Amino acid sequence: ESGRANFTRQAGGSMQVTETVNPYFIFSELYHFSNHIRSDHWPVIDLVLEAYFKSQTTDMRSQWMRDMSGLSEDEMANIALQNYSFEELLENKERQKIVDNLIKLKGNFLFTMIQSKAGETEFSGFLRNLLREKQFKVFTFDSLDQRLHSEFGVAITPYMDNWFKDKKLPGFLISPITAVNTKSADQIRTMVSFSASNTSDADGVIKLIFRMGGFGGGRSRMMRGAPSPDDNINKILFLKPGETKNVSYLFDSEPRGLTINTLTSKNIPQTLAQFFGKVEEDLKAVPHEGEELTHEVVSTLQPNEIVVDNEDPGFSHTSTDKTSLLYKLIIKEKDTGLKYAGLDNWRPALKWTNTTNSGFYGLYVRSAYYIKSGKGDQSVTWNIPVREAGHYDVFTYINPNIGRRGGGPGGPGGGQEDKGEYHYFITHDEGVTEQTLEVENAETGWNSLGSFYLSPEHARIVLTNKSNRRIVIADAIKVVKN
């Protein structure tokens, strides 16, 4: 766990990042030496508790390594849990590479679930005091469960069978996140609000990590002070099956960002990042902190809107392999057997490749296809299921920060290879219209491709790989009836 990052330059200019396990990682050795929880029924529980303690430290390097090398092993573990139970994966020798990640994810889910019922601070203090009390002693899982029930009225045992054997996962829909500065009493405070729905039939829990620190966004008010750059404020949101909550949080200073960790869930990637720029002031906003149940499930669409995402049946792409024999001989492409691969900025894929990123559009799966730019001989197609003929505004979803070499949210711009256009071809009742969109000028989100008269027989959008930009990304198309 948390070893040294190793960098290897591959043929073609790509960077491979691996991590060497640190054999001297002190907590692991101390934990095994001083504490042991025994369970004949769930012998993995000792490793699970250890992994839970490790996961409480936020390691920004893991996200950075993910951006460098593609899918993280945590994401691979979460994808594996879409189809297999924890029990099945532990017995699968082909999954040995991600066993540590599976244990960490499942442990984080289990104890965060308990923490949501017992109280975050109270539960953390309880566990640490218990381990200190039982130092250099073996204690059983049953005794841990009894102490939890006595202290908080919460028991772990009722969760264990489903946690170990069940394939059901929660699935979350998250609304857009808003942040405003508003007046609370005699102080200007920042209110962050959003809604979340658990549309599955399994309990779900979300960890929220608010990154504090720094003055950015116009926070030079004397009343605010300056929190440490390393300060995090953590919150937990528990959602029963079919439950939706509106949530708001108040802060004395503006958060720099929010990480939403859906733990083990149908959401891919399970970690979503929201960066806050300048937070606007809205003195009419009513300051509120707390959770409110609602019957309105989170929806990203209006009644007059239709979206076709790259995960939907209406999406297709050419599958011609343009890789030369010489390229194949020089550069060995890895076949991971996974549905998703990392986005390689330095050596882009030569065929349409499905990749994930929290900056893409998606309900449960935020993904898109990408390819190295070319002459326009490869394409993707969105067939729009228009039921009623009429005039429609057509939009494409773009995040111009993704795929930039040397760029990113809040970072410096990329080079000339990050500048360029996408070529769209819209089939409508009057023919086919080509529309170009300059990517570096695009807004993050929905960008207009124009207004057209569409009917069920003529509603198709095509994007080719022709571009001066290094890569082309195909995500989602939306049409809005006028």
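Bear in mind that the values here come from a model prediction, so they are computed numbers and not experimental data. This chain uses plain numbering: 1 for the first residue, then up along the sequence.
Of the possible donor and acceptor atoms, one in the side chain of S467 sits under 3.5 Å from a partner among the backbone N and O of E421. Under the 3.5 Å distance criterion, the side-chain polar atoms of S184 are left unmatched by any main-chain donor or acceptor of P287. The backbone N or O of F210 lies less than 3.5 Å from no partner atom in the side chain of N234, so there is not a single donor-acceptor pair. Between the side chain of R469 and the backbone N or O of S373 there is no donor-acceptor pair closer than 3.5 Å. T353 contributes a side-chain N or O that, together with a main-chain N or O of K351, makes up a donor-acceptor pair within less than 3.5 Å. Between the side chain of N261 and the main chain of T271, no donor-acceptor pair closer than 3.5 Å is present. Counting only distance, with no hydrogens or angles, the side chain of T262 and the backbone of Q270 share a donor-acceptor pair below 3.5 Å. Remark: the backbone N or O of S265 is paired with a side-chain donor or acceptor of N78 at under 3.5 angstrom. Of the possible polar contacts, none joining the N399 side chain to the F360 backbone as a donor-acceptor pair under 3.5 Å is found. Listed for the Q274 side chain is no donor-acceptor partner under 3.5 Å among the backbone atoms of L258.
Checking T182 against D282 by side-chain atom types alone, no donor-acceptor pair falls below 3.5 Å. Judged purely by distance below 3.5 Å, without hydrogens or angles, the side chains of Q378 and T318 pair a donor atom with an acceptor atom. For the residue pair S197 and E243, no side-chain donor N or O sits within less than 3.5 Å of a side-chain acceptor on the partner. For the residue pair N246 / S195, a side-chain donor-acceptor distance below 3.5 Å is found, with atom types taken as modelled.
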Inset, instruction - Please assess N354 against N310 for the test side-chain contact (heavy atoms from CB on, under 4.5 Å), listing each intermediate value before the final yes or no. - result: CA-CA 9 Å; N354 206 358; N310 62 286; 3.4 Å; yes
Legend entry - Worked check of salt bridge (charged side-chain N to carboxylate O under 4.0 Å, His left out) between E440 and K419: CA-CA 6 Å; E440 68 269 23; K419 298 179 179 179; over 6 Å; no
Inset, instruction - Please step through side-chain contact (heavy atoms from CB on, under 4.5 Å) for the pair M76 and N101, ending with a clear verdict. - result: CA-CA 9 Å; M76 293 181 189; N101 306 87; over 6 Å; no
Inset, instruction - Let me see the working for I79 and K339 under side-chain contact (heavy atoms from CB on, under 4.5 Å), right down to the final yes or no. - result: CA-CA 9 Å; I79 290 172; K339 181 178 179 180; 6.0 Å; no
Inset, instruction - Could you check Y340 against S367 for side-chain hydrogen bond (donor to acceptor under 3.5 Å, both in side chains), going step by step and ending with a plain yes or no? - result: CA-CA 8 Å; Y340 304 101; S367 68; 4.8 Å; no
Inset, instruction - Could you go through the side-chain contact (heavy atoms from CB on, under 4.5 Å) check for Y84 and R95 one step at a time? - result: CA-CA 11 Å; Y84 300 95; R95 303 287 185 176; 3.9 Å; yes
Inset, instruction - Before giving the answer on side-chain hydrogen bond (donor to acceptor under 3.5 Å, both in side chains), spell out for T396 and N447 the whole-Å C-alpha distance, their side-chain angles and the decisive distance to 0.1 Å. - result: CA-CA 5 Å; T396 181; N447 290 263; over 6 Å; no
Legend entry - Worked check of salt bridge (charged side-chain N to carboxylate O under 4.0 Å, His left out) between D203 and K240: CA-CA 5 Å; D203 285 337; K240 295 178 181 178; over 6 Å; no
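Residue L208 holds its CG atom at 12.0 Å from CG of N232, rounded to the nearest 0.5 Å. Atoms CD1 and CH2, on I384 and W382 in that order, are 8.5 Å from each other to the nearest 0.5 Å. One distance of note links CD1 of I103 with CG of L89; it measures 11.0 Å at 0.5 Å rounding. Taken to the nearest 0.5 Å, the CZ atom of F315 stands 6.5 Å off from the NE2 atom of H317. To the nearest 0.5 Å, atom CG of residue N383 and atom CG of residue D312 are 11.5 Å apart. Summarising the geometry, atom CD1 belonging to I461 is positioned 9.5 Å from atom OG1 belonging to T381; distances are rounded to the nearest 0.5 Å.
A 4.5 Å side-chain heavy-atom check between Y424 and T436 finds every atom pair outside the cut-off. Residues S200 and K266 are in side-chain contact: their nearest non-hydrogen atoms beyond the backbone lie under 4.5 Å apart. Residues F395 and V479 form no side-chain contact, since every pair of their non-hydrogen atoms from C-beta on lies 4.5 Å or further apart. Side-chain contact between V308 and P385 is present, with heavy atoms from C-beta onward closer than 4.5 Å. A 4.5 Å side-chain heavy-atom check between Y392 and Y453 finds every atom pair outside the cut-off. Counting heavy atoms from C-beta outward, W446 and V307 have side chains that approach closer than 4.5 Å. Here the side chains of T464 and Y422 are not in contact, with every heavy-atom distance at 4.5 Å or above. Residues P255 and T190 meet the side-chain proximity criterion, which asks for heavy atoms closer than 4.5 Å.
In this structure, F164 and F86 have perpendicular ring planes: the angle between them is above 60°, well past the 30° mark. Between Y397 and Y361, the two ring planes are tilted [angle within 30° to 60°].
Within 6.0 Å of NZ on K478 lie more than 12 heavy atoms contributed by other residues, nucleotides or ligands. The local environment of CD in E296 is sparse, with at most 12 non-hydrogen atoms from other residues, nucleotides or ligands closer than 6.0 Å. The local environment of CZ in R366 is crowded, with over 12 non-hydrogen atoms from other residues, nucleotides or ligands closer than 6.0 Å. Atom NZ of K117 has more than 12 heavy atoms from other residues, nucleotides or ligands within 6.0 Å.
Qualifying salt bridge (Lys or Arg N to Asp or Glu O under 4.0 Å) partners for K167, counting only residues two or more places apart in sequence or in other chains: E88. Contacts of E291 classified as salt bridge (Lys or Arg N to Asp or Glu O under 4.0 Å), with partners at least two apart in sequence or in another chain: K245. Residues satisfying the salt bridge (Lys or Arg N to Asp or Glu O under 4.0 Å) criterion with E438, sequence neighbours excluded, are absent altogether.
R189 and E289 are not joined by a salt bridge, as no carboxylate oxygen comes within less than 4.0 angstrom of a charged side-chain nitrogen.
Residue I233 comes nearest to F251 through the heavy atom pair CD1-CD2, 3.8 Å, listed as atom of the first residue, atom of the second, then distance. P400 approaches A442 most closely through the heavy-atom pair CG-O, 3.5 Å. Contact detail for F194 and P176: the closest heavy-atom pair is CB-O, 3.9 Å. A pairwise comparison of heavy atoms in S379 and V462 identifies CB-CG1, 3.8 Å as the closest pair. Residue G204 comes nearest to F172 through the heavy atom pair CA-CZ, 3.6 Å, listed as atom of the first residue, atom of the second, then distance. The shortest non-hydrogen separation linking A77 to L105 is CB-CD1, 3.7 Å.
Stacking of K235 on the aromatic ring of Y249 is not recorded, the 6.0 Å distance cut-off and the 45° axial limit not both being met.
Evaluated for a side chain to side chain contact (heavy atoms under 4.5 Å, CB included) with F452, the options H391, H428, E430 yield exactly one hit, H428.
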